[in-house]
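Numbers restart at 1 for each chain; the letters A, B, ... are given by sequence-line order, proteins then strands.
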There are 2 protein chains.
Amino acid sequence: MRPTVHDIAETAGVSLATVDRVLNDRPGVRGVTKAKVEAAIVSLGYVRDVAAANLAKSRVYPLVFILPEGDNPFMRGLEAEVRRAGLHSPAERTRLSVATVPAFDAGALVKAIDAAIMEDVSGIAAVVVDAPEVSAAIARAHAAGIPFVTLVSDLANSGRDHFVGVDNIAAGRTAGSLMGRFLGERPGAVAVLAGSMRVRDHRERLDGFHAAMPVTRTVLPVLEGQDDPDLSFSLISDCLAANPTLAGIYNLGAGNRGLIKALSARGRADLCVIAHELTAETRAALETGLVDAVLNQDAGHEVRSAIRVLRAKADGLPVISAQERIRLDIFIKDNLPAGPDEDEQPGAAGN
Amino acid sequence: MRPTVHDIAETAGVSLATVDRVLNDRPGVRGVTKAKVEAAIVSLGYVRDVAAANLAKSRVYPLVFILPEGDNPFMRGLEAEVRRAGLHSPAERTRLSVATVPAFDAGALVKAIDAAIMEDVSGIAAVVVDAPEVSAAIARAHAAGIPFVTLVSDLANSGRDHFVGVDNIAAGRTAGSLMGRFLGERPGAVAVLAGSMRVRDHRERLDGFHAAMPVTRTVLPVLEGQDDPDLSFSLISDCLAANPTLAGIYNLGAGNRGLIKALSARGRADLCVIAHELTAETRAALETGLVDAVLNQDAGHEVRSAIRVLRAKADGLPVISAQERIRLDIFIKDNLPAGPDEDEQPGAAGN
DNA sequence: AAATTTCTGATTTACGTACATCAAAAATTC
DNA sequence: GAATTTTTGATGTACGTAAATCAGAAATTT
């Protein structure tokens with residue numbers, strides 16, 4: 001059997017209480033004794049039984065996820081994953097809650113962050129917009145000793161403890177690279193649809209896309225659809241009308257509904273389309289061939305990663321960064337995972 | 001606080017012992033009483049505290065992984081992931097061990113399975129070859145009440161409890177589809193390198209590949225390299241020499257080392273190459289452009305899924321199949337995850 | 001109605017850790 | 001060397017569940 005605190009006490013020649021003091025960093029232990037105990041811990045290869053420890057302390061960690069409201073399918077997917085994780089949360093001694101705020105609204109976001117600070121939660125995860133007052137709110141959380149992770153879109157130099165999301169520059173590069181290969185020698189310009197250049201992840205994707213595009217290929221000025229279906233629809237429709245020889249479209253934002261509507265209205269011809277986030281809409285578009293590839297960040301992975309990081313920070317434990325890196329998935333119609341119908345079961349920390 | 005067994009006993013108006021009998025399906029409870037208790041469980045929304053339960057029973061689950069030996073990098077990666085998972089295993093009350101057997105050797109595999117049955121392990125996960133005596137051995141494990149999962153390559157109708165791995169037909173289709181798009185209108189035939197047509201996963205990938213290839217594109221007869229670097233090298237070298245207009249190569253097996261050696265000897269020109277399994281070799285080849293895409297099944301996910309499934313089976317719990325589906329990852333040089341150097345930390349059930 | 005079987009209750013111990021209390025010992029200060 | 005402070009020991013309770021025992025109640029059989 002694996003060693004317990006009792007074994008440590010015995011081999012170190014001290015009492016259980018002293019071992020406990022060393023293990024939990026409580027005061028009242030002489031340096032020499034502490035060293036003895038630590039030596040015993042190492043020699044026995046003791047590892048704390050987290051299950052028993054959690055059971056004993058029966059502490060709960062209230063965590064808050066702050067997400068943009070609206071019908072952005074990816075955000076709703078994130079929310080669903082939080083709720084899904086919430087089903088398991090009692091077992092992990094966490095209590096999850098979701099607060100939604102208007103999209104691209106720094107003021108509302110700040111209010112939600114401050115409310116969470118008031119409630120004295122154990123951690124905050126938020127999809128943030130890039131604004132100085134948001135950075136200030138994050139700093140307040142930090143000052144209050146509340147761990148903060150940014151989700152999906154980062155805000156460096158804000159004092160956030162961690163970023164959970166994909167490398168968006170690499171995502172843009174991947175899109176550009178795939179687009180280049182899919183198009184081959186076929187002539188024609190490429191259009192880019194974004195939500196807003198005011199969020200960092202969209203800017204980064206655009207940068208990566210440009211970097212990966214062959215210089216011989218024209219990239220039209222970016223269209224900002226505010227992640228709004230109607231606006232995206234008209235922007236793309238106009239663009240298609242104005243550029244009859246258009247070869248491809250890259251949608252790096254969430255306006256997939258409008259994009260797909262415009263595409264199906266036009267009839268596809270031979271347009272190469274790459275979009276982000278695997279949702280019911282993009283999945284269907286992949287299957288019908290309206291869209292050629294979808295880049296995805298797994299919402300479930302992100303939520304679980306955020307929870308692990310916040311818990312680790314709350315416990316003062318280190319974060320294993322390699323383990324928390326979120327992969328960028330490429331989907332084409334042939335490697336689509338099972339549909340949402342078969343996928344209703346709660347996910348696990350596992351997969 | 002969440003309800004406990006005590007709360008159930010109180011609301012159901014029975015004793016703790018009776019609740020325990022119902023919860024753990026022990027005999028000696030009348031149908032009426034059982035119904036009362038179950039009603040209380042539902043109404044209170046009770047969920048067993050797994051941590052406390054595991055702590056109390058302090059049962060350990062010895063699990064055996066049977067893998068092919070040799071320098072197949074993917075198999076060695078699997079083995080590494082098992083060892084990695086083993087670091088966490090005490091916390092999950094499992095004890096993992098690895099047995100290696102000669103590749104493509106049904107007799108040795110059967111011996112290893114029978115040895116595990118003799119040791120009375122709680123579960124077996126194995127990369128199996130397609131042979132009737134293997135099916136018989138799996139049936140013996142089943143008869144002994146030992147859960148069995150097939151890893152990477154399935155063996156249906158063998159009585160295995162579960163298959164952990166990707167859909168290999170879809171994997172072949174994905175390769176074919178990508179190859180078709182990358183090649184575009186470029187003329188030339190396509191070669192396929194496999195390990196052996198005697199393992200099911202290779203046959204399935206080949207089928208999928210053929211199905212996804214445009215009929216206008218010639219696919220040369222499959223080359224069987226036995227996953228051996230030298231044989232693969234000479235097969236590919238000969239093929240390249242004999243087919244100067246070759247447009248692409250699909251390696252659906254593990255002979256990447258030989259393939260890459262042959263490719264770099266030749267100098268790439270404009271060959272489209274798609275391979276399986278992200279290893280140090282294929283990663284380097286992606287980065288240098290020798291290989292265009294790599295299809296991957298995440299070894300860490302597979303190992304953790306196998307462990308979860310075996311534990312669930314050992315406890316008589318249902319398997320949430322949607323959660324245990326292994327995704328097929330597509331990697332191009334732009335979405336490569338962080339390298340193995342930065343990735344040495346133990347993985348988690350999480351990601 | 002007695003004898004038997006089947007069910008249920010009450011109680012106890014254990015799992016490994018956290019945490020608190022109080023007494024005793026050792027080290028330090030004056 | 002006495003007084004004080006710091007360090008250590010001994011002990012107990014708690015977390016939520018598992019599992020065992022034994023006594024008593026209820027149901028069933030004869």
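- Between A:Arg30 and C:dA26, a side-chain N or O to OP1/OP2 separation shorter than 4.0 Å is absent.
- B:His6 places its NE2 atom 11 Å from the C1' atom of C:dT11, with the value rounded to the nearest Å.
- One atom, CZ of B:Arg21, and another, P of D:dA18, lie 14 Å apart when rounded to the nearest Å.
- Map B:Leu16 and B:Leu55 each onto its nearest nucleotide of DNA chain C; the residue landing nearer the 5' end is B:Leu16.
- The residue B:Gly31 sits apart from the nucleic acid: no heavy atom pair falls under 4.0 Å.
- For C:dG9, one of the phosphate oxygens OP1 or OP2 lies less than 4.0 angstrom from a side-chain nitrogen or oxygen of B:Thr18.
- Rounded to whole Å, the distance from CG on A:Asp20 to C1' on D:dT11 is 13 Å.
- Residue A:Arg26 has a polar side-chain atom (N or O) positioned under 4.0 Å from OP1 or OP2 of C:dC19.
- In this structure, A:Asn54 atom CG and D:dC15 atom C1' are separated by 11 Å, rounded to whole Å.
- A:Arg327 and A:Asn296 share no side-chain donor-acceptor pair at under 3.5 Å.
- Atom P of nucleotide C:dG16 and atom CG of A:Leu44 are separated by 14 Å, given to the nearest angstrom.
- Each of A:Leu78, A:Ile307, A:Val127 was compared with A:Phe65 under the side chain to side chain contact (heavy atoms under 4.5 Å, CB included) criterion, and only A:Ile307 meets it.
- When heavy atoms are screened at a 4.0 angstrom cut-off, A:Ala17 is found touching base atoms of the nucleic acid.
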task = Could you walk me through whether A:Asp49 and A:Arg2 pass the salt bridge (Lys or Arg N to Asp or Glu O under 4.0 Å) test, one step at a time?
result = CA-CA 10 Å; A:Asp49 184 329; A:Arg2 55 194 285 226; 3.7 Å; yes
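- Taking only side-chain nitrogens and oxygens, B:Thr4 never comes nearer than 4.0 Å to OP1 or OP2 of D:dG16.
- Residue A:Arg48 has a polar side-chain atom (N or O) positioned under 4.0 Å from OP1 or OP2 of C:dA18.
- Proximity of B:Arg160 to B:Val149: side-chain heavy atoms (C-beta onward) are nowhere separated by under 4.5 Å.
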